[in-house]
Visitor: 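One structure, as structure tokens, below. Some questions next.
Chain A is the first sequence line, chain B the second, and so forth, proteins listed ahead of strands; every chain is numbered from 1.
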Number of protein chains: 2
Amino acid sequence: MIVSVDCAIFGFERELSIFLIKRTNPYFKNKWSLPGSIVFEDESLEDAAERTLYELSGLKNIYLDQVGAFGDPKRTKGARILTVSFMAIIDKSKYNLEPKVKNRTFISQTNEEELILSGKWFKLNEMPLLPQDHSEIAHTALKFLRQKFRYSPICFELLPEKFTLKELQDLYQAVYEVQLDPSNFRKKILKSNWLVELDEYSQQGSSRKARLYAFNMVLQEQGDEQEFVFDF
Amino acid sequence: MIVSVDCAIFGFERELSIFLIKRTNPYFKNKWSLPGSIVFEDESLEDAAERTLYELSGLKNIYLDQVGAFGDPKRTKGARILTVSFMAIIDKSKYNLEPKVKNRTFISQTNEEELILSGKWFKLNEMPLLPQDHSEIAHTALKFLRQKFRYSPICFELLPEKFTLKELQDLYQAVYEVQLDPSNFRKKILKSNWLVELDEYSQQGSSRKARLYAFNMVLQEQGDEQEFVFDF
DNA sequence: CCAAAAGTGTTACAAGTACACCCATGA
DNA sequence: TCATGGGTGTACTTGTAACACTTTTGG
């Protein structure tokens, strides 16, 4: 069986978006799809996902999690391909994504060459219908992101190193699709020890300057699980 | 690449246990391992997991969830095998597990026949070291179970249809490895609408008879997610 | 009548919710 | 000086934790 990886890259900048690419190959011709690649014989799934990320978006060393395997025999036309999906998250403002590799040999029955045409961010509610089961994979990855968000401090991967409480609140609101009371959000998040208060202030906006905060790095060491339950 | 499925079957009866099997084949010779099987060419991963479950434990129509893919190129000696792991949970007292298929053709380079010798329950802390990366898979499945437990009412899969609050409390204690105050547990769980109070009483024990409860079936329909956050 | 487990009640405190209000800043 | 968003305080409600007390049952 052929095995591939597909990556759902989520980015944040006021809103949650997903990065999709357009490429030519028998199955994706001219449709926006998740960046993906065949897994090489001597390559682990994580390595394949990292390589894919670099080749198709230019990203390196970013947060990456396995979401799951999609293996329906009918999910692809032609040869059966099992795909393992990954979720990547970044601060959108920090990177300018663009495919690094413009053409690759597409390993399948026909073994054609595929051209990577371009990549583009889509707001979640403006995401087009994706080919094969990529829409399902993207939605599963989003559910996975929401779940992970609850008990692991991954929110900081989606923000600049220094951020205001408002930005963090906007992120929570975007991910959970809720409205939060700024006053209560502030109290709750400050009572946890996730944040470090900085002596710097945001220079944006036409009103009072907001204090900047950073993620408390000590927390990163104690793996995930348990400690971080943060519901709203 | 060869693709297989492996199942971590968890059962409850006072304690959490896992069901392992012993079989002969080049890689598992005489070691306890997770029940697993090669995925056939025209079979979905879920179908393969269900078939495996039936062939190696006799279970049919039980709760099953995909945990994830394990695809390190060095996880198996010989041909590379990617495995997708599943987690199954049952009320241990309801079934008497035993392999239904005693020998199968083992699809690999050598294509030998494998004999399924026996199956046995192991308490979690008495689980032996498993071959290949099966120990890692089992631990990942357990973490998955704990996680799922929080926000999905899967606890009822592990109990008889009618159960006492004490039994439910024991289950929570076993899964989360904590001690709970019976009085407070009772209040919290009864305030949720998970349970239906029955007019029946347990006939066990040499003291006051405990009232029996059942799962509120209405909840089963509204899929998982959100509604069911139940921490202790 | 006693031990053991089921089940109820009470109290003190922590956490969450909904606001009103003050502060700093640019226009 | 006013509008805007940042930030603080407070009163009310709800949830949690610890533990004392009552009820039922078998021996």
Visitor: Salt bridge or not between Lys94(B) and Glu161(B)? Use side-chain N to carboxylate O under 4.0 Å.
Guide: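 Salt bridge present between Lys94(B) and Glu161(B).
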Visitor: Under 3.5 Å, which protein N or O atoms sit close to an N or O of nucleotides 23-27 of chain D? Give each pair with its distance.
Guide:
| from | atom 1 | to | atom 2 | distance (Å) |
| --- | --- | --- | --- | --- |
| dT23(D) | O2 | Arg208(B) | NH1 | 2.7 |
| dG26(D) | O4' | Ser206(B) | O | 3.3 |

Visitor: Mind calculating the distance between CG (Leu195(A)) and P (dG7(D)) to the nearest angstrom?
Guide: 12 Å
Visitor: List the residues meeting side-chain contact (heavy atoms from CB on, under 4.5 Å) with Tyr54(A), not counting sequence neighbours, and say none if there are none.
Guide: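 Applying side-chain contact (heavy atoms from CB on, under 4.5 Å) to Tyr54(A) gives Lys60(A), Lys100(A).
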Visitor: Rounded to whole Å, how long is the line connecting atom CD of Glu167(A) with atom P of dG7(D)?
Guide: 11 Å
Visitor: Using side-chain heavy atoms (C-beta onward) and a distance below 4.5 Å, is Val5(B) in contact with Ser85(B)?
Guide: no
Visitor: Between Thr164(B) and Asp181(A), which is nearer to the 5' end of DNA chain C once each is assigned its nearest nucleotide?
Guide: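 Taking each residue's closest nucleotide, the earlier one in sequence belongs to Thr164(B).
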Visitor: Among Leu212(B), Asp170(B), Leu159(B), find the residue that satisfies the side chain to side chain contact (heavy atoms under 4.5 Å, CB included) test when tested with Thr164(B).
Guide: Leu212(B)
Visitor: So do Phe163(B) and Leu195(B) actually touch side chain to side chain, heavy atoms under 4.5 Å?
Guide: yes
Visitor: Using 30° and 60° as the class limits, which term best fits the ring planes of Phe215(A) and Phe156(A): parallel, tilted or perpendicular?
Guide: parallel
Visitor: How does protein contact run along nucleotides 8-16 of chain D, one letter per nucleotide 5' to 3', with B for base contact, S for sugar-phosphate only, - for none, heavy atoms under 4.0 Å?
Guide: BBB----SS
Visitor: State, yes or no, whether a side-chain contact exists between Tyr95(B) and Ser57(B) at a heavy-atom distance under 4.5 Å.
Guide: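 Side-chain contact under 4.5 Å: no.
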Visitor: Can you tell me how far CG of Leu158(A) sits from CG of Leu145(A), rounded to the nearest 0.5 angstrom?
Guide: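 If we round to the nearest 0.5 Å, Leu145(A):CG and Leu158(A):CG are 6.5 Å apart.
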Visitor: For DNA chain C, which nucleotides open and close the run of contacts to chain B, 5' to 3', at under 4.0 angstrom from a non-hydrogen atom?
Guide: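 Here the contact window of chain B covers dA4(C) to dT10(C).
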Visitor: Among residues at least two apart in sequence or on other chains, which ones pass side-chain contact (heavy atoms from CB on, under 4.5 Å) with Gln66(B)?
Guide: Ala69(A), Leu45(B), Glu46(B), Val84(B), Phe86(B)
Visitor: Name all residues meeting the side-chain contact (heavy atoms from CB on, under 4.5 Å) criterion together with Lys209(A); count only those two or more places apart in sequence or in a different chain, and write none if there are none.
Guide: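 Only Tyr201(A), Gln203(A) meet the side-chain contact (heavy atoms from CB on, under 4.5 Å) criterion with Lys209(A).
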